[in-house]
Amino acid sequence: MARTIKALLDLVELEFEPAEAAEKGAPPGPHHQELRRIRRFCGPLNYIACYLGALARLFSPASSSGDVVGFRLRRLEDWTGESANGPRSMDPYREVLQYLSHPCGASCVFCVHDGDPPGHFTRGRRWQVPHAELMTRLKFYRPGEGRALPCTSDLHSFEITTHPLWHETLAHLRRKTGDTFIVVTNGFTLDEAEIRTLGPFGPFLFVVSVNESVAARRAQVMGHRARRAPASIVNLHRARLPFIASITPALGTSAEEIVETVRYVDQFSPYLIRLNLPGRTRFHRGGQGDMRRHWRTILAAARRARGKTRSAVVIQPLLYLENHLLPRPMAAVLAGTVPGSPAERAGLLCGDEVTAIEGRPVSYREVARGFLASLARAGRGVTVRIVRGGSPREVSILPDGGDCPYRAVGAPFDSSYPFGMVLTDGLAPRHWKAVLATVAGRGAEKTLLLTGELMLPTVGQFMREFGCGGTAMYCEAVPNTSFLGGDILPADLLVVDDFIAAARGFMNRTGVQPDLILVPGTAFSVWGFDISGRPFADIGRNLGIPVATITGRRALAIG
């Protein structure tokens with residue numbers, strides 16, 4: 001037993017919070033990972049560190065007072081594993097580039113990190129990654145083997161192009177992989193000289209925060225440095241570098257102003273135009289507003305713009321627009337095509353509904369995307385049957401031959417939008433069948449499915465078309481997250497207390513006592529914890545009702 005425990009403790013070097021500093025929340029040392037920063041994004045490391053910390057306190061109490069605040073992995077070679085995106089889809093951004101995160105230079109009024117709970121997320125200068133860590137991640141990034149060090153960072157929404165190691169990291173990465181580098185940026189640095197410097201490191205796909213087309217309004221929304229941002233998409237267009245135009249309309253922006261911005265960016269042929277639905281937590285400065293009304297304004301603008309631009313217009317979260325726009329939320333209806341793509345050349349249009357691929361009937365976007373992606377990877381052309389304006393027709397799409405911005409992009413977007421057909425995210429029948437299998441496996445007769453407001457139309461479609469497996473199924477939308485407060489709607493940010501309150505409210509209102517509660521699996525709950533670090537098992541313990549988490553590759557969409 002002693003040898004086993006010693007071997008376990010040799011896995012990591014733990015750092016404990018000194019007892020006298022417990023209330024101050026002292027950060028870990030410079031060579032240790034901060035445990036609170038990574039617990040939501042790398043469950044195994046959090047679990048191992050906490051477990052070993054408990055063993056260390058048990059067997060060596062004199063040298064391990066306080067809680068574990070940091071750790072350092074020993075023998076890193078032993079910790080390399082399959083990439084977070086699988087061996088066939090190594091993502092240089094997630095595995096390495098996001099560790100370049102740096103102050104962005106903007107001061108956006110809707111910045112997600114302005115609404116972070118104090119002390120919970122990574123802000124300030126301490127989140128800048130040291131040179132040694134970045135070089136270590138590069139060393140163990142092995143796309144040919146499908147392996148990398150575990151992802152421990154939540155820095156992905158910060159700027160990376162302002163980091164002093166930006167160009168050096170690109171050079172190292174390009175020697176390892178030919179994959180597309182995805183770069184999320186506010187565009188401040190993308191002048192003509194910088195784009196010339198970046199040329200040898202391609203291919204790239206830039207995601208540029210444009211937000212407003214009028215300079216004065218952009219300065220109000222993003223700060224005065226943002227006046228330079230529009231030049232970035234002009235420069236990218238001239239250099240034939242593909243980019244997604246990201247637009248987050250600030251609270252109070254009218255539908256007309258949003259459409260004006262969409263039309264402005266469309267003239268530079270972005271790969272995609274994305275409208276982001278903002279939210280405010282209770283920690284945001286500037287108070288609250290009527291965010292649901294604002295979301296309806298953005299929805300109205302997207303409806304007006306769709307079909308009138310060369311680039312497809314989508315909304316983030318991706319299911320929001322289709323849930324409000326389509327009679328069948330999961331129907332395989334095109335949001336548009338990528339400029340220069342085989343789909344555009346074949347004449348496909350926004351609003352076309354794909355009903356068959358190579359003679360095989362399809363009814364769901366996710367099914368159509370998977371079938372088309374497999375044909376695209378095989379280098380084959382495809383014949384699709386569509387319905388346009390109530391009339392069926394067949395369209396033949398050539399396997400390649402598209403121009404920029406389509407051709408230079410590559411994975412993962414060619415799989416997301418095969419042949420340049422923009423079919424937004426969705427669920428397939430197999431995902432609902434997995435839910436029913438969970439219910440059947442538990443022998444439940446009355447099941448309460450807790451989900452987010454955004455997913456109700458999708459869940460409703462599946463219930464109508466596939467039923468509930470002969471059991472009583474109830475669906476309840478969980479109100480806003482109590483952890484962040486404000487008007488945050490996506491269910492992946494809900495916490496244990498929210499699910500408990502929603503279940504109790506449902507039982508008090510209806511008198512129904514379920515014998516199983518289903519909660520959505522999300523990016524945060526994959527290891528059994530909510531975003532605050534509390535285990536989902538507490539729901540069942542508190543209510544005295546068995547709880548199951550919906551798991552699977554697309555389970556997070558049930559939020």
Side-chain angles (χ1 to χ4, degrees), residues 43 319 323 327-331 363-364 366-367 426-483 489-532 534-559:
L319 288 175
N323 280 351
R328 294 180 65 252
M330 294 291 100
S363 298
Y364 297 87
E366 188 68 13
V367 173
L427 295 181
R430 68 180 182 278
H431 301 120
W432 183 249
K433 291 175 182 176
V435 172
L436 298 183
T438 299
V439 173
R442 297 295 188 101
E445 296 181 358
K446 291 182 290 186
T447 301
L448 174 60
L449 171 59
L450 298 176
T451 185
E453 178 182 319
L454 300 182
M455 284 301 299
L456 283 179
T458 301
V459 173
Q461 178 184 338
F462 282 127
M463 284 184 167
R464 290 190 301 272
E465 296 185 8
F466 296 98
C468 300
T471 65
M473 179 88 73
Y474 306 91
C475 186
E476 183 85 351
V478 183
N480 295 352
T481 170
S482 58
F483 179 66
L489 295 181
D492 57 356
L493 300 176
L494 295 170
V495 293
V496 165
D497 282 340
D498 300 327
F499 290 113
I500 293 173
R504 282 194 175 137
F506 168 82
M507 291 186 287
N508 291 337
R509 188 179 71 252
T510 65
V512 174
Q513 180 77 11
D515 49 18
L516 178 65
I517 295 176
L518 294 179
V519 296
T522 72
F524 301 106
S525 68
V526 67
W527 296 108
F529 297 87
D530 65 18
I531 190 174
S532 71
R534 187 176 175 187
F536 276 89
D538 281 357
I539 302 173
R541 296 188 189 108
N542 191 286
L543 297 172
I545 300 172
V547 174
T549 302
I550 305 168
T551 58
R553 186 180 65 84
R554 293 292 312 140
L556 69 158
I558 307 270

Test of understanding: with side-chain hydrogen bond (donor to acceptor under 3.5 Å, both in side chains), list the residues that count as partners of D515, not counting sequence neighbours.
none
Return the set of residues passing side-chain contact (heavy atoms from CB on, under 4.5 Å) with V367 (not counting sequence neighbours), or none when no residue passes.
R360, V362, Y364, A428, P429
Closest non-hydrogen atom pair between C475 and L456, with its separation:
SG-CD2, 3.6 Å
Applying side-chain hydrogen bond (donor to acceptor under 3.5 Å, both in side chains), name anything that partners T458, two or more places apart in sequence or on another chain.
N323
With A472 via side-chain contact (heavy atoms from CB on, under 4.5 Å) - residues at least two apart:
K446, Y474
Rounded distance [0.5 Å steps], CD1 in I539 versus CG in L450
7.5 Å
Please state whether the rings of F536 and F499 are parallel, tilted or perpendicular, taking 30° and 60° as the class boundaries.
tilted
Roughly how far, to the nearest 0.5 Å, is the CG atom of L449 from the CE atom of M463?
6.0 Å
With the side chain counted from C-beta on, respond yes when E366 and M330 share a heavy-atom pair under 4.5 Å apart, and no when they do not.
no
Would you indicate whether the side-chain heavy atoms of L448 and M507 approach each other to under 4.5 Å?
no
S363/R328 under side chain to side chain contact (heavy atoms under 4.5 Å, CB included): CA gap, chis, key distance, verdict:
CA-CA 10 Å; S363 298; R328 294 180 65 252; 4.0 Å; yes
Does some side-chain heavy atom of P520 sit less than 4.5 Å from a side-chain heavy atom of M455?
no
Contact check, side chains of R509 and E476, non-hydrogen atoms, under 4.5 Å:
yes
Do T447 and P514 come within less than 4.5 Å of each other through their side chains, counting heavy atoms only?
no
Can you name the residues that form a salt bridge (Lys or Arg N to Asp or Glu O under 4.0 Å) with R541, not counting sequence neighbours?
D538
State, to 0.1 Å, how close P457 and P329 come at their nearest heavy-atom pair, and which atoms those are.
O-CG, 3.8 Å
Beyond-backbone contact of V459 with F462, side-chain heavy atoms, under 4.5 angstrom:
no
Among residues at least two apart in sequence or on other chains, which ones pass salt bridge (Lys or Arg N to Asp or Glu O under 4.0 Å) with R464?
none
In chain order, what residues pass the side-chain hydrogen bond (donor to acceptor under 3.5 Å, both in side chains) check against S482, with sequence neighbours excluded?
D498
M473 CE to L436 CG distance, which is reported to the nearest 0.5 Å
5.5 Å
For a quick test of your reading: what N or O donor-acceptor pairs under 3.5 Å do the side chains of residues 438-445 make, sequence neighbours left out?
{"residue": "T438", "atom": "OG1", "partner": "A434", "partner atom": "O", "Å": "3.0"}

